[in-house]
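Report on one structure; see the data block that follows.
A, B, ... follow the sequence lines: proteins, then strands. Residue 1 opens every chain. All values reported here derive from a predicted model rather than from experimental measurement. Hydrogens, waters and symmetry mates are skipped; everything else that's a heavy atom, side chains included, is used.
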Amino acid sequence: MADDLILLNLWSSPFGMRVRIALAEKGLDYELIEEDLSNKSPLLLKMNPVRKQIPVLIHKGRPICESLIIVQYIDEVWRHKSPLLPSDPYARAKSRFWADYVDKNIYAIGKLVWGATGEIQEAAKKELIEWFKVLEGEVGDKPYFGGDSFGIVDVALIPFYSWFYAVETCGNFSIVAECPKLVSWAKRCMERESVSKSLPDQYKMYCFLLELKTKFQAQ
Amino acid sequence: MGEVKLLGTWPSPYLYRVIWALKLKGIPYEYIEQDLYNKSPLLLQSNPVHKKIPVLIHGGNPIAESVIILQYIEDKWPQNPLLPSDPYEKAVARFWVKFADEKGLSISKVFRSSGEEQEKALKESLEMLEIIEEHAPGLGQKKFFGGDKIGMVDLTLGLLAHWMGVIEEVTGVKIKEAGKFPRLEAWIKNFKEDPVIKENLPELKDMLPAMKRRRETVLASK
């Protein structure tokens, strides 16, 4: 492989999507290995013995783990094309802050909106809308979170777009009604080939998540 | 370049991460103690999203979240680097910073809880120590996680070096059995003996009553 890159991934993982978007933004070739998390490969366990999770990027035989750390690594090694972090330290700190905010809150809460029922689901839905509104306030009318350039905050959040249909259907609400600017931002990101090629179809994701939900409830 | 202000509450280990970084790089700053039960306009203005400490304000620009502050300090003041310059080594260091930051919350939880919740936090804390002992790179071979010099991973794990003992005493719960984590214990000794760290550790005799009171307040509010 020209760039000597392997990505251990799962098609449905929003964290894997982040890495795929970053690799595409930089125009990098890589080998994509789909993992079965119910039967983890020896390669995965060797490359990520601490967390045993995907995504893992293997570059020249060495593993890098944790999606946003991988994205920063890709950005630093291939810095000449499509920078994902600004160069100014304060602007970088702001990007990291919002990427961290997304990382700590959005996906965990989103999971409860499509995955839980009753009171837990209702509470999660309220919290998700609240946090979406904060994010909407932050992006405002800018093309992307960082301004004119597509960056790490966009990469961190946009995979959630693949969950929109599932979250809206299970939670019985409309994201565009609650946060129109956020939806405009999402659609703008989807115009980038790096994003549209890395995100699965929302309905396919919904069916998959429903299956997961049924499995969890059966346990 | 603009003045540096640091908002914190004594003796928060998250605050101390930032103090250590500033001291290691020789950056003067003004410390402003905060009252988290009566949050100042400055705190609310500087960290409207989380309303927590520490917050670094540099030339009027606020940065929140201790690990993000550490990265800002590293970007802004490159002397005495806290991260390796090689991108791969940097990524490995960042992994352990994240691990330490996330899993360290379990130790804080042991301090802030009792009963079943505390037992669960204790179990998680132990898992964290075991993983670090077994997997952390350089542990046992080098003086610090950062190599010969203190780095960001060391700062993020400072909680283990100084606060864990006080938490054990205040809660009456043993998190780390002596002798079970030899490599980690060697690191703790090296960390606390470093001249900059040694000079910037909260006094144990003052921490004990302060943390006892804090724990009582936290448990009472549950």
Nearest-0.5 Å distance, [atom1] of residue [X] to [atom2] of residue [Y]:
X: A/Lys94; Y: B/Asn61; atom1: NZ; atom2: CG; value: 7.0 Å
X: B/Ile68; Y: A/Tyr101; atom1: CD1; atom2: OH; value: 12.5 Å
X: B/Phe99; Y: A/Cys65; atom1: CZ; atom2: SG; value: 12.0 Å
X: A/Asn48; Y: B/Phe95; atom1: CG; atom2: CZ; value: 5.5 Å
X: B/Tyr72; Y: A/Arg96; atom1: OH; atom2: CZ; value: 12.0 Å

[atom1]/[X]: more than 12 non-hydrogen atoms of other groups inside 6.0 Å:
X: A/Glu193; atom1: CD; value: no
X: A/Glu34; atom1: CD; value: yes
X: B/Arg215; atom1: CZ; value: yes
X: B/Lys5; atom1: NZ; value: no
X: A/Lys142; atom1: NZ; value: yes
X: B/Lys52; atom1: NZ; value: no
X: B/Glu177; atom1: CD; value: no
X: A/Lys111; atom1: NZ; value: no

Handout entry: Structural part of A/Arg92 lying under 4.5 Å from a heavy atom of chain B
Key =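 When you check distances to chain B, only side chain atoms of A/Arg92 fall under 4.5 Å.
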Query raised in the report: Quick one: what part of A/Trp131 sits under 4.5 Å from any heavy atom of chain B, side chain, backbone, both or neither?
Result: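 Contact with chain B involves no heavy atom of A/Trp131 at all.
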With side chains defined as the heavy atoms from C-beta onward, is the minimum distance between [X] and [Y] less than 4.5 Å?
X: B/Val49; Y: A/Phe97; value: yes
X: A/Asp103; Y: B/Lys98; value: yes
X: A/Pro89; Y: B/Trp77; value: no

*So, for A/Ile64 and B/Ala91, which heavy atoms are closest and what is the spacing to 0.1 Å?*
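Shortest heavy-atom separation between A/Ile64 and B/Ala91 comes out as CG2-CB, 3.8 Å.
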Would you name the heavy atoms of A/Pro63 and B/Tyr88 that are closest together and state the gap between them?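 For A/Pro63 and B/Tyr88, the tightest heavy-atom pair comes out as O-OH, 2.8 Å.
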Would a distance-only check, ignoring hydrogens and angles, find a side-chain to backbone donor-acceptor pair under 3.5 Å from A/Tyr90 to B/Pro62?
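Indeed, once roles are kept as given, a pair shorter than 3.5 Å links the two residues.
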#### Entry: Salt-bridge contact A/Lys104-B/Glu102 (side-chain N to carboxylate O under 4.0 Å)
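Answer for the salt bridge query: no.
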query: Do NZ/NE/NH1/NH2 and the carboxylate oxygens of A/Glu76 and B/Arg94 come within less than 4.0 Å?
result: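 Yes, charged N to carboxylate O under 4.0 Å.
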Just to be sure I understand the criterion: a residue of residues 124-141 of chain B counts if one of its heavy atoms is under 4.5 Å from a heavy atom of chain A. Which ones qualify?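 From residues 124-141 of chain B, the residues near chain A are B/Ile131, B/His135.
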